[in-house]
Participant: 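This structure is in structure tokens; I'll ask about it shortly.
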Protein chains: 2
Amino acid sequence: MSLATRSKRTESRPALSRDRVLRAAIEIADEGGIAAVTMRRLAESLDAEAMSLYHHVANKEQVLDGVVDVIAAEINEAVGRLTLPARGAAWRSAARERILTARRVLLRHRWAAALFESRSATSPEVLLYFDGLVGIMRDGGFSNDLAHHAMHALGSRAIGFSQELFTPGAGPAAGEPDPVLAGMAGRLPHLVGMLAEVMHDDPDSTIGWCDDQAEFEFGLDLLLDGLDRRR
Amino acid sequence: MSLATRSKRTESRPALSRDRVLRAAIEIADEGGIAAVTMRRLAESLDAEAMSLYHHVANKEQVLDGVVDVIAAEINEAVGRLTLPARGAAWRSAARERILTARRVLLRHRWAAALFESRSATSPEVLLYFDGLVGIMRDGGFSNDLAHHAMHALGSRAIGFSQELFTPGAGPAAGEPDPVLAGMAGRLPHLVGMLAEVMHDDPDSTIGWCDDQAEFEFGLDLLLDGLDRRR
DNA sequence: ACCTGAACACCGTTCAAGT
DNA sequence: ACCTGAACACCGTTCAAGT
């Protein structure tokens with residue numbers, strides 16, 4: 001039994017490492033959401049005991065911080081392949097492409113946006129991403145002051161997602177009318193009138209509780225236009 | 001003993017109710033953050049047992065959904081006192097004032113913004129808030145289609161907060177330079193150059209991980225200006 | 001150095017029992 | 001109808017012990 005366990009560990013399982021722990025966490029989150037990532041399940045997926053993880057990460061908080069960093073590194077790898085001019089007026093399309101590329105990565109890990117927001121620790125890879133975006137703005141002629149305002153104005157949009165508090169048409173079964181909204185339709189004349197007129201035709205292309213691609217781009221362009229005007 | 005417990009309950013404690021549970025949850029969150037809200041602590045603060053709560057709320061999820069609704073009701077009470085014209089060009093200042101009023105309520109409950117985002121259930125009070133904002137836009141001459149785009153573009157900014165992924169100058173001790181950023185300054189030329197130039201003078205007026213008041217208003221005005229131009 | 005089992009202090013929630 | 005104690009199935013984490 002002890003022999004079987006030992007042979008299993010040494011033969012069929014690579015040694016544990018911080019990196020392997022983080023990648024296993026991402027795999028679990030991709031399958032069952034971020035709440036499915038527990039130390040015990042994480043260990044199980046690595047064919048180890050929960051307590052073994054603590055030799056490679058300080059605690060669960062550090063696992064989640066590390067996951068953010070790995071996803072941000074994936075974003076940096078993707079935007080690193082972009083080769084767009086950013087001098088002068090070209091800054092706008094360079095920034096736009098960078099942001100939409102980041103968004104494409106986040107769409108592969110739908111739980112990631114919520115995690116990015118909930119973490120307060122500074123991720124080195126997120127810093128590198130932002131540094132590149134500031135660089136594009138500086139190339140475009142932004143003052144440091146305007147670039148700073150711009151980063152705040154973009155907020156989470158700078159890295160490809162945006163927060164929605166209410167996603168019209170995203171009821172229990174997406175695409176269905178929201179039952180709460182339907183139940184109080186009489187007290188919501190403007191909202192009901194608006195939604196009745198604008199038919200949502202692709203309610204599936206959402207990133208978590210965030211807006212869909214077309215709406216994301218509308219908001220992004222609104223901000224980029226305003227910034228370009230102040231440049 | 002059983003008698004003492006009984007007299008304590010009937011004399012010094014009002015009967016439990018959904019409303020009292022939710023208000024107790026808000027009190028606990030105001031003091032110790034949203035993570036401090038557990039069913040056991042909630043019950044204790046109400047001088048009851050954890051299991052008694054389940055006669056008034058289905059589960060903890062419903063407690064958190066209810067808390068969002070109570071905070072949104074507080075926002076609606078505040079914006080309900082506003083009496084601003086919204087016809088034509090006045091829509092902009094009416095919308096601006098409504099949003100900044102909502103923000104003032106959220107600043108009283110610093111944990112609330114994060115909670116608003118993490119919940120997917122539709123809050124009736126949030127719907128009422130949005131309905132009023134759409135009404136202001138319609139008064140201002142927005143088509144339903146543009147009002148719809150506008151709500152998505154504003155995102156969480158519509159209700160007074162915005163998501164930051166990295167708050168410059170908000171290290172462990174707020175106001176201190178970020179140690180992670182300091183450690184990799186050489187690889188972040190644009191970010192470090194920018195932050196060196198723009199001195200942050202009031203790092204305290206933040207709403208959780210969100211930007212401070214001046215930055216919030218800059219981003220809001222950028223969006224409102226862009227929407228006004230498309231009106 | 002790396003890994004583990006048992007144990008601790010918490011969670012949310014079910015259930016059967018009290019008044 | 002409302003409340004409760006004991007219990008269950010989970011958590012993250014500490015500790016002492018193994019190799």
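Only heavy atoms go into these numbers, but all of them, side chains included; no hydrogens, no water, no symmetry mates. Lettering of chains follows the sequences in order, A, B, ..., and the numbering in each one begins at 1.
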Participant: Whole angstrom is fine here: how far is it from CD in B/Glu49 over to C1' in D/dT4?
Facilitator: 6 Å

Participant: Tell me if a side-chain donor or acceptor on A/Tyr129 pairs with a main-chain N or O of A/Val79 at a distance below 3.5 Å.
Facilitator: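 Answer holds: no.
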
Participant: What is the minimum heavy-atom distance between A/Leu42 and A/Ala25, and which atoms define it?
Facilitator: CD1-N, 3.4 Å

Participant: Just to confirm, is there a sub-4.0 Å distance from OP1 or OP2 of C/dC2 to any side-chain nitrogen or oxygen of A/Ser52?
Facilitator: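 No, because none of the side-chain N or O atoms of A/Ser52 sits under 4.0 Å from OP1 or OP2 of C/dC2.
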
Participant: Using a heavy-atom distance cut-off of less than 4.0 Å, which residues of residues 19-31 of chain B contact DNA chain C?
Facilitator: none

Participant: Would you check if the side chain of A/Arg104 reaches a backbone N or O of A/Gly160 as a donor-acceptor pair within less than 3.5 Å?
Facilitator: no

Participant: What heavy-atom pair brings A/Ala95 and A/Ile136 nearest, and what distance separates the two atoms?
Facilitator: N-CG2, 3.9 Å

Participant: For the residue pair B/Phe161 and B/Phe116, does the interplanar ring angle fall in the parallel (under 30°), tilted (30 to 60°) or perpendicular (over 60°) class?
Facilitator: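 Plane angle over 60°, so perpendicular.
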
Participant: Is there a donor-acceptor contact under 3.5 Å from the side chain of B/Asp30 to the main chain of B/His109?
Facilitator: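 Flag not set: sc B/Asp30 to bb B/His109 has no pair under 3.5 Å.
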
Participant: Check the distance between D/dC2's C1' and B/His56's NE2 and give it to me in whole angstrom.
Facilitator: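 So the NE2-C1' distance, B/His56 to D/dC2, works out to 7 Å.
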
Participant: Just how far is it from atom OG of B/Ser162 to atom CZ of B/Arg103, taken to the nearest 0.5 Å?
Facilitator: 7.5 Å

Participant: A/Arg41 side chain to A/Ala36 main-chain N or O, any donor-acceptor pair under 3.5 Å?
Facilitator: yes

Participant: Go through the N and O atoms of the side chain of B/His55 and the base of D/dC2, and report whether any donor-acceptor pair is under 3.5 Å.
Facilitator: no

Participant: Treat primed atoms plus P, OP1 and OP2 as sugar-phosphate and everything else as base, then score nucleotides 9-14 of chain C 5' to 3': B for base contact with protein heavy atoms under 4.0 Å, S for sugar-phosphate contact only, - for none.
Facilitator: --BBBB

Participant: Using a 3.5 Å distance criterion without hydrogens, assess whether the side chain of B/Arg110 forms a donor-acceptor pair with backbone atoms of B/Gly33.
Facilitator: no

Participant: Applying the side chain to side chain contact (heavy atoms under 4.5 Å, CB included) criterion to B/Trp111, which one of B/Val37, B/Ile28, B/Ile71 satisfies it?
Facilitator: B/Ile71

Participant: C/dT4 P sits how many Å from A/Leu42 CG, rounded?
Facilitator: 13 Å

Participant: For DNA chain C, what is the dot-bracket line, given that a base pair needs Watson-Crick (N1 to N3, plus N6-O4 or O6-N4) or G-U wobble (N1-O2 and O6-N3) geometry with both distances under 3.5 Å, and | means paired with another strand?
Facilitator: ||.|||||...|||||.||

